[in-house]
S.K.: 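Let me give you the structure first, and then I'll get to my questions.
The basis for the numbers below is simple: all heavy atoms, side chains too, and nothing from hydrogens, waters or symmetry mates. Note on naming: letters A, B, ... go to the chains in the order of the sequence lines (proteins, then strands), and numbering restarts at 1 for each one. Note that the structure is a prediction, hence the values are computed from the model and not measured.
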Protein chains: 2
Amino acid sequence: MPRNKVKFALIENENDRKLSYKKREKGFLTKAEELRTLCDVEMAAILYSPFNNEPKVFPNHGAAITTFEKLVELPTLKKSKNMVTSDEFTKKRIEKLNDKLLKVRKKNKVKEVTNEMYEMLKCKEISIDMHPYDLNDLSYVIKQKLIQCLQQQRILPFL
Amino acid sequence: MPRNKVKFALIENENDRKLSYKKREKGFLTKAEELRTLCDVEMAAILYSPFNNEPKVFPNHGAAITTFEKLVELPTLKKSKNMVTSDEFTKKRIEKLNDKLLKVRKKNKVKEVTNEMYEMLKCKEISIDMHPYDLNDLSYVIKQKLIQCLQQQRILPFL
DNA sequence: CGACCTATACTTAGGCT
DNA sequence: AAGCCTAAGTATAGGTC
């Protein structure tokens, strides 16, 4: 970002990519630690990069696994609870997002968001092994992505 | 950090803490996405905060589980491979860190690092359920922590 | 709350060693 | 590769609405 602005896309040159990775990994882990310490958040992160022999694990292997295991148990707990409330919540979030999208489109003079545009974003966002748990949020995620692209005036993949 | 510099410690006021969390969560997830996209890293992160009903999962529930499962399987794989190489590697890293520590101590006029200081840091860093996999790196982690404290001129817990 | 603002702290691309 | 430097892009504390 300094000196030159970096395009939000894979850094093609491997050497540059490695350099960037090393710097950003450090930055990312610092941010993680700040967040954890300042705000007392239980968190875990893993980074698998071709530039490290072993994965980077935050804050450490054991704690990460403990945190992760809580996540695995979560969907079961949720099922027995109030799915309805959760859906209402999602609905409201999406409505809000629609308003925002409209605003951003106007500002950036994007006349319409075609189905094709959604499809392109969907392909980028959905992985084959996506958990059903996420599918509720799919529309939300895609719209959010779109807004982000427009706001940051990134070159959209379909333009 | 802007306007006023923030102390690297828990934000005591709950309202401030929540405010900070919301902003930093957003920043953290942005950084995660940048790192993933720019450098093509397979990564996952989980955040449990009292300020969200559900954990924040990056990039999504399913992908995070896939990534974390790789981590769970890792120690088994490692055992059957070359532990020696790994130990050599750790040794070198620690040697290097020792040099750095010496430099930083001089610069900050910290005459010596007592065992007591190490113990204090150890208590803060080690969790009871720490995985044996991490214990190799303990010395490294503690030294790194110490250097970081000195460099950032944080108020050390034992001073 | 969450969105927006702004000044300042922080991060980092590119260059050099 | 790893460290340091610097300029310029980002993030965010504190504040307002």
Side-chain angles (χ1 to χ4, degrees), chain A residues 1-39 41 49-53 89 92-104 106-107 140 144 147-148 150-154, chain B residues 1-39 41 49-53 56 89 92-104 106-107 140 144 147-148 151-154:
Chain A
M1 291 107 195
R3 298 297 170 109
N4 284 326
K5 188 165 180 166
V6 161
K7 197 174 72 169
F8 185 74
L10 179 71
I11 298 168
E12 300 283 354
N13 180 293
E14 183 166 336
N15 205 49
D16 290 351
R17 191 162 70 248
K18 179 167 189 171
L19 223 60
S20 182
Y21 176 75
K22 286 290 174 187
K23 290 187 175 187
R24 282 173 175 276
E25 182 198 81
K26 194 179 156 213
F28 181 73
L29 294 174
T30 304
K31 285 289 173 196
E33 181 148 356
E34 283 177 4
L35 188 50
R36 186 169 74 123
T37 304
L38 298 178
C39 306
V41 188
S49 92
F51 309 121
N52 287 327
N53 293 324
F89 183 67
K92 275 191 184 162
R93 280 161 79 211
I94 291 184
E95 274 168 21
K96 204 160 194 178
L97 217 49
N98 277 333
D99 292 345
K100 196 171 175 182
L101 182 54
L102 200 65
K103 259 168 89 183
V104 177
K106 274 185 184 162
K107 199 177 167 189
Y140 185 78
Q144 211 169 31
I147 288 171
Q148 213 176 36
L150 291 172
Q151 277 181 330
Q152 300 183 5
Q153 305 193 312
R154 287 182 204 156
Chain B
M1 291 110 194
R3 296 299 170 105
N4 284 325
K5 186 164 179 167
V6 161
K7 196 173 73 168
F8 186 74
L10 179 71
I11 298 168
E12 300 282 355
N13 180 294
E14 182 165 337
N15 205 48
D16 290 351
R17 191 161 73 247
K18 178 166 189 172
L19 224 59
S20 183
Y21 176 75
K22 286 291 174 187
K23 290 188 175 189
R24 281 173 176 277
E25 181 198 83
K26 195 178 155 215
F28 181 72
L29 294 174
T30 304
K31 285 290 176 194
E33 181 146 354
E34 282 178 2
L35 189 51
R36 185 169 72 125
T37 303
L38 297 179
C39 306
V41 188
S49 93
F51 310 120
N52 286 327
N53 293 323
K56 279 279 169 190
F89 182 66
K92 275 193 183 162
R93 281 161 77 211
I94 291 184
E95 275 169 22
K96 202 157 196 180
L97 218 48
N98 277 332
D99 293 345
K100 197 171 176 183
L101 182 54
L102 201 65
K103 260 167 90 183
V104 176
K106 275 186 184 161
K107 198 177 167 188
Y140 185 78
Q144 209 168 33
I147 289 172
Q148 213 177 34
Q151 277 182 332
Q152 299 183 6
Q153 305 192 311
R154 286 181 203 157

S.K.: Going by side-chain contact (heavy atoms from CB on, under 4.5 Å), name the residues that satisfy it together with B:Leu29, two or more places apart in sequence or in a different chain.
M.R.: B:Glu25, B:Lys56, B:Phe58
S.K.: Where along residues 19-27 of chain A does a heavy atom fall under 4.0 Å from DNA chain D?
M.R.: none
S.K.: Measure CZ/A:Arg17 against P/C:dG14 and give the value in whole Å, please.
M.R.: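 In whole Å, C:dG14 P and A:Arg17 CZ are 14 Å from each other.
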S.K.: From CZ of B:Phe51 over to C1' of C:dG2, roughly how many Å is that when rounded to an integer?
M.R.: 15 Å
S.K.: Check whether any side-chain heavy atom of A:Thr30 sits under 4.5 Å from a side-chain heavy atom of A:Glu34, and report yes or no.
M.R.: yes
S.K.: Residues two or more places apart in sequence or in another chain: which of them pass side-chain contact (heavy atoms from CB on, under 4.5 Å) with A:Ser49?
M.R.: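 A:Tyr21, A:Phe51, A:Asn52, B:Val41.
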S.K.: Can you see which heavy atom on A:Leu38 is nearest to which on B:Phe8, and at what distance?
M.R.: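 In terms of heavy atoms, the two residues are closest at CD2-CA, 4.1 Å.
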S.K.: Measure the distance from CZ on A:Phe28 to P on D:dA11 and round it to the nearest whole Å.
M.R.: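 Answer to the nearest Å: 13 Å.
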S.K.: Rounding to an integer number of Å, can you tell me how far B:Leu35 CG sits from D:dT10 P?
M.R.: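 Distance, rounded to whole Å: 16 Å.
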S.K.: Just how far is it from atom CZ of A:Arg24 to atom CD1 of A:Ile11, taken to the nearest 0.5 Å?
M.R.: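 One gets 7.0 Å once the value is rounded to the nearest 0.5 Å.
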S.K.: Which pairs count as salt bridge (charged side-chain N to carboxylate O under 4.0 Å, His left out) when at least one residue sits in residues 12-23 of chain B, sequence neighbours excluded?
M.R.: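 Those involving residues 12-23 of chain B do not exist here.
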S.K.: Measure from NZ on B:Lys7 to C1' on D:dA13 and round the result to the nearest Å.
M.R.: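 After rounding, the gap between these two atoms is 16 Å.
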S.K.: Just the atom pairs and distances: protein N or O near nucleotides 7-10 of chain C's N or O, under 3.5 Å.
M.R.:
from  : atom 1 : to     : atom 2 : distance (Å)
C:dA7 : O4'    : B:Arg3 : NE     : 3.2
C:dA7 : O4'    : B:Arg3 : NH2    : 3.2
C:dA9 : O4'    : B:Met1 : O      : 2.8

